Amino acid sequence: MTKAAAEGIRAAMEQLDNDNSLNAGILTGAGGTFCSGMDLKGFLRGETPSVKGYGFGGITEKGPEKPLIAAVEGYALAGGLELALACDLCVANVNAKFGIPEVKLQQLVGKRVAMEWALTGEFFSAQRAYEVGFVNRVTEGAAIDAAIELATTVAANGPLALKATKKIINESYDWTSEEAWKKQAEITAPVFTSKDAQEGSLAFAQKRKPDWKGE
């Protein structure tokens, strides 16, 4: 991961959020590897592969409002694992390898598994990552193909509902029972009063696909 790559990813995330024709994004690597961490030569030159306010790779501190899927081939190590963690869903080739867990991993796989991986420093397979709930789908084919299939399913839903759903899931882990209904209602209310809500109901009644506008 270089500074230029991080800025490029940040620009792509802005395009994803601002383009109403896009409902989901996919983050993948090139050359058979998802990401093996920061460019160490760049680091020695004083280059930091992050974007202020958005984090490593332009997404680890603040990602897009719309769903983002990681398509992992080869290795996702160190900062590369952070990138996969920053995505909302993860598809991995059966031969993919993950390593050096970061802080957020415990929220996904639990303390014991995260502790084992952190203390041993060993790689863990795509299948093991799937078993503990880190990876959504494992494929023997290209991860990008399975990610596109998953993204297509996600993107068929209303864009306002997708953003609201992601926001609720990301924020609700520390809500109290008293806060939950109120905060969820605050997030979903604009969706129910939107033009898309009317379009969804009409499309269902007419037995056709909705023509979402994101309004």
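None of these values were measured; they are calculated from a predicted model.
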Ignoring hydrogens and geometry, is there a side-chain-to-backbone donor-acceptor pair from [X] to [Y] under 3.5 Å?
X      : Y      : result
Lys66  : Leu22  : yes
Glu179 : Thr176 : yes
Asn93  : Val138 : no

Atom [atom1] in [X], atom [atom2] in [Y]: separation rounded to 0.5 Å?
X      : Y      : atom1 : atom2 : answer
Lys167 : Glu65  : NZ    : CD    : 8.0 Å
Ile187 : Ser172 : CD1   : OG    : 8.0 Å
Thr188 : Ile168 : OG1   : CD1   : 5.5 Å
Ser21  : Gln15  : OG    : CD    : 8.0 Å
Leu27  : Ile59  : CG    : CD1   : 5.0 Å
Gln198 : Glu215 : CD    : CD    : 11.5 Å

With a 4.5 Å heavy-atom cut-off, do [X] and [Y] have their side chains touching?
X     : Y      : value
Thr48 : Lys3   : no
Ile9  : Met1   : yes
Leu89 : Val154 : yes
Asn95 : Glu140 : no
Ile69 : Val91  : yes
Leu83 : Phe56  : yes
Glu47 : Phe43  : no
Thr33 : Glu73  : no

Shortest non-hydrogen separation from [X] to [Y] and the atoms involved:
X      : Y      : value
Met38  : Pro49  : CB-CG, 3.6 Å
Val132 : Trp117 : CG2-CH2, 3.6 Å
Ala92  : Ala126 : CB-CB, 3.9 Å
Pro64  : Lys166 : O-NZ, 2.5 Å
Ala164 : Val191 : CB-CG2, 3.9 Å
Lys183 : Trp175 : CD-NE1, 3.4 Å

Go through the steps to decide whether Leu77 and Cys35 satisfy the test side-chain contact (heavy atoms from CB on, under 4.5 Å), and finish with yes or no. CA-CA 6 Å; Leu77 307 177; Cys35 179; over 6 Å; no
message = Under 4.0 Å between a side-chain nitrogen and a carboxylate oxygen: does that hold for Glu116 and Arg112?
response = no
Begin from the C-alpha positions of Leu202 and Arg208 and carry the test side-chain contact (heavy atoms from CB on, under 4.5 Å) through to its verdict.
CA-CA 9 Å; Leu202 185 60; Arg208 62 173 174 81; 3.8 Å; yes
Handout entry: Donor + acceptor pair across side chains of Ser194, Asp196 (<3.5 Å)
Key = no
Checking Asp211 against Lys213 for the salt bridge (Lys or Arg N to Asp or Glu O under 4.0 Å) test, could you report, in this order, the C-alpha distance in whole Å, the side-chain angles of both residues, the deciding distance, and whether it holds?
CA-CA 7 Å; Asp211 181 18; Lys213 301 296 184 183; 3.2 Å; yes
Over 12 foreign heavy atoms within 6.0 Å of CZ, Phe134: yes
Less than 6.0 Å separating the ring centroids of Phe34 and Phe98? no
- What do the steps show when you test Glu7 against Val51 for side-chain contact (heavy atoms from CB on, under 4.5 Å), and what is the final call? CA-CA 6 Å; Glu7 292 173 345; Val51 177; 4.1 Å; yes
_Pair Ile26, Leu68 - check side-chain contact (heavy atoms from CB on, under 4.5 Å), show working._
CA-CA 6 Å; Ile26 297 172; Leu68 183 62; 5.8 Å; no
**Item:** salt bridge (Lys or Arg N to Asp or Glu O under 4.0 Å) evaluation trace for Arg128 with Glu131
**Value:** CA-CA 5 Å; Arg128 179 59 176 154; Glu131 291 169 356; 3.7 Å; yes
Is there a chain of hydrophobic side chains (I, L, V, M, F, W, Y, each step under 4.5 Å between heavy atoms) that links Leu16 to Ile148? no
